[in-house]
Amino acid sequence: MEKRELLYEGKAKRLFLTDDENLVISEFKDDLTAFNGAQKSSEAGKGALNNKISTELFKLLEKNGIKTHFVKMLDDNHMLHTKVDVILIEVIVRNIATGSLTRNLGIKDGTVLPFTLVEFDYKDDDLGDPKLNDQHALILGLVEYQDELDKLRRMAREVNDVLRPFFAAKGLNLVDFKLEFGKDKNGNIILVDEISPDNCRFWDMESGEKLDKDRFREGLGGLKVAYEEVLNRILG
Ligand code: 5GP
């Protein structure tokens, strides 16, 4: 499958059309951004690691009955996947409090939440991805019906129910993550985007070491080694 016209360029990926109107190709970039693009860098090999990690995790989710846009990994930096209409809601799943939850609500960093929290952010860089409630999402027309919002929450919990024990068995705490969803040509809601240390937080269960993009956000260094460690744990 060959890349055709560039359809869209995001902060971490480029999206290309193909000869098949139902399929597109994502190219995973080495670029790193944080704080809504205010902090920028690049790390050679990061894109390929995220492509490989996402490929393994999409396969795992598909095996567990969760519909995703994944078709196949084409090469180090390219993934073939279904073309969808992306729903402009970032679905945030949290098992342990950190990041914006800690900042916004004062919950102590590292607190294991009494139940898994699912939140919605509006995927809009100009507005800085603000928090959404269901009424906001419906007023903005991000989905048509309440039951679609319920489905996003349900699917997000299903993803967590697969990934959290999977990573726990590999000695990693899945602290929190961001998912995106889209509608395929039949109107079915499926999981899209990527699942990688760019949009998940992984903490080593023994040392507490951060093995995700917080290494970049917090200037800790060692980002590529951390992402390689996540891939090795997945494959191990
Ligand atoms: P927080 O709201 O604490 O900043 O992020 C919660 C989780 O969602 C983290 O795992 C973070 O990586 C992910 N996340 C939230 N918003 C975004 C975003 O706009 N882009 C990416 N790549 N990840 C996000």
Side-chain angles (χ1 to χ4, degrees), residues 8-15 26-43 46-47 49-51 53-54 57-58 69 79 86-113 116-133 136-137 142 152-153 155-157 159-160 163-164 166-168 172-182 191-204 208-220 223 226-227 230:
Y8 169 79
E9 176 151 9
K11 284 178 280 199
K13 292 187 290 301
R14 291 189 191 91
L15 193 64
S26 273
E27 178 189 328
F28 285 70
K29 302 196 291 186
D30 288 336
D31 296 354
L32 276 159
T33 63
F35 310 113
N36 201 16
Q39 187 177 318
K40 287 190 187 140
S41 186
S42 177
E43 178 94 22
K46 191 239 5 167
L49 283 163
N50 281 353
N51 190 20
I53 291 168
S54 294
L57 297 179
F58 279 135
H69 72 160
M79 180 188 288
V86 174
I87 297 170
L88 296 177
I89 298 176
E90 297 184 344
V91 183
I92 313 288
V93 181
R94 299 178 188 273
N95 296 309
I96 298 176
T98 193
S100 69
L101 184 66
T102 296
R103 283 197 304 278
N104 293 338
L105 297 185
I107 301 174
K108 191 169 174 292
D109 194 81
T111 305
V112 178
L113 298 174
T116 299
L117 174 63
V118 180
E119 305 174 291
F120 294 151
D121 289 357
Y122 184 16
K123 186 175 161 61
D124 186 316
D125 284 344
D126 292 342
L127 296 175
D129 296 348
K131 287 272 160 250
L132 283 177
N133 65 28
H136 295 142
L142 305 181
L152 295 182
R153 282 199 191 86
M155 287 183 74
R157 287 186 189 282
V159 170
N160 189 54
L163 295 187
R164 192 183 187 186
F166 173 79
F167 280 108
L172 290 178
N173 261 321
L174 178 58
V175 174
D176 58 23
F177 53 98
K178 183 256 304 180
L179 299 175
E180 296 188 22
F181 293 86
L191 183 65
V192 304
D193 194 44
E194 64 181 280
I195 310 177
S196 74
D198 267 12
N199 55 12
C200 302
R201 287 191 173 104
F202 300 108
W203 292 354
D204 183 87
E209 197 186 356
K210 298 179 179 185
L211 299 173
D212 55 61
K213 201 165 93 173
D214 274 352
R215 300 207 71 83
F216 169 64
R217 294 186 187 103
E218 297 175 10
L220 300 172
L223 181 123
Y227 283 35
V230 171

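Note that ligands are numbered from 1 as they come in the structure, with each ligand's atoms numbered from 1 the same way.
- Closest heavy-atom approach to atom 4 (O) of ligand 1 within the set Arg201, Arg217, Lys131, Glu119: this belongs to Arg201.
- By the criterion of a heavy-atom distance under 4.0 Å, neither the backbone nor the side chain of Lys123 is placed next to ligand 1.
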### Stepwise salt bridge (Lys or Arg N to Asp or Glu O under 4.0 Å) test for Lys178 and Asp121
CA-CA 9 Å; Lys178 183 256 304 180; Asp121 289 357; over 6 Å; no

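- The distance from ligand 1 to the heavy atoms of Phe177 drops below 4.0 Å at these ligand atoms: 8 (O), 10 (O).
- Heavy atoms of Ala12 found under 4.0 angstrom from ligand 1: none, in either backbone or side chain.
- Here the heavy atom of the protein found nearest to atom 2 (O) of ligand 1 is Ser100 OG, 2.5 Å.
- Electrostatic pairing of Lys11 and Asp31 does not count as a salt bridge here, judged by no charged N lying under 4.0 Å from a carboxylate O.
- Judged by distance alone, the side chains of Thr98 and Arg103 never bring a donor and an acceptor atom under 3.5 Å apart.
- When only non-hydrogen protein atoms are considered, atom 7 (C) of ligand 1 lies nearest to Asp176 OD1, 3.5 Å.
- For the residue pair Asn95 / Asp176, no side-chain donor-acceptor distance below 3.5 Å is found, with atom types taken as modelled.
- Looking only at protein heavy atoms, the nearest one to atom 16 (N) of ligand 1 is Glu90 OE1, 3.5 Å.
- If you look at Asp198 next to ligand 1, the close heavy atoms, those under 4.0 Å, all belong to the backbone.
- Just one residue in the list Asn199, Val91, Val159, Asp212 forms a side chain to side chain contact (heavy atoms under 4.5 Å, CB included) with Phe177, and that residue is Val159.
- Atoms of ligand 1 lying under 4.0 Å from any heavy atom of Gly99, numbered from 1 in the order shown and given with element: 3 (O).
- Using a 4.0 Å cutoff on heavy atoms, Glu194 does not count as a contact of ligand 1.
- Of the N and O atoms on the side chains of Asp30 and Ser42, not one donor lies less than 3.5 Å from an acceptor on the other residue.
- Taking the six-membered ring where the residue is Trp, Phe202 and Phe167 present tilted rings, their angle falling between 30° and 60°.
- If you number the atoms of ligand 1 from 1 as listed, the ones under 4.0 Å from a heavy atom of Ile92 come out as 6 (C), 8 (O), 15 (C).
- Considering every non-hydrogen atom in both Glu180 and Val86, the closest pair reads OE1-CG1, 4.1 Å.
- A salt bridge does not link Lys210 to Asp204: none of the charged side-chain nitrogens sits closer than 4.0 Å to a carboxylate oxygen.
- Taking only nitrogen or oxygen atoms, main chain and side chain alike, Arg94 reaches within less than 3.5 Å of ligand 1.
- Of all the heavy atoms of Asp129, the ones lying under 4.0 Å from any atom of ligand 1 belong exclusively to the side chain.
- In this structure, of Lys178, Lys213, Lys11, the residue bringing a heavy atom nearest to atom 21 (C) of ligand 1 is Lys178.
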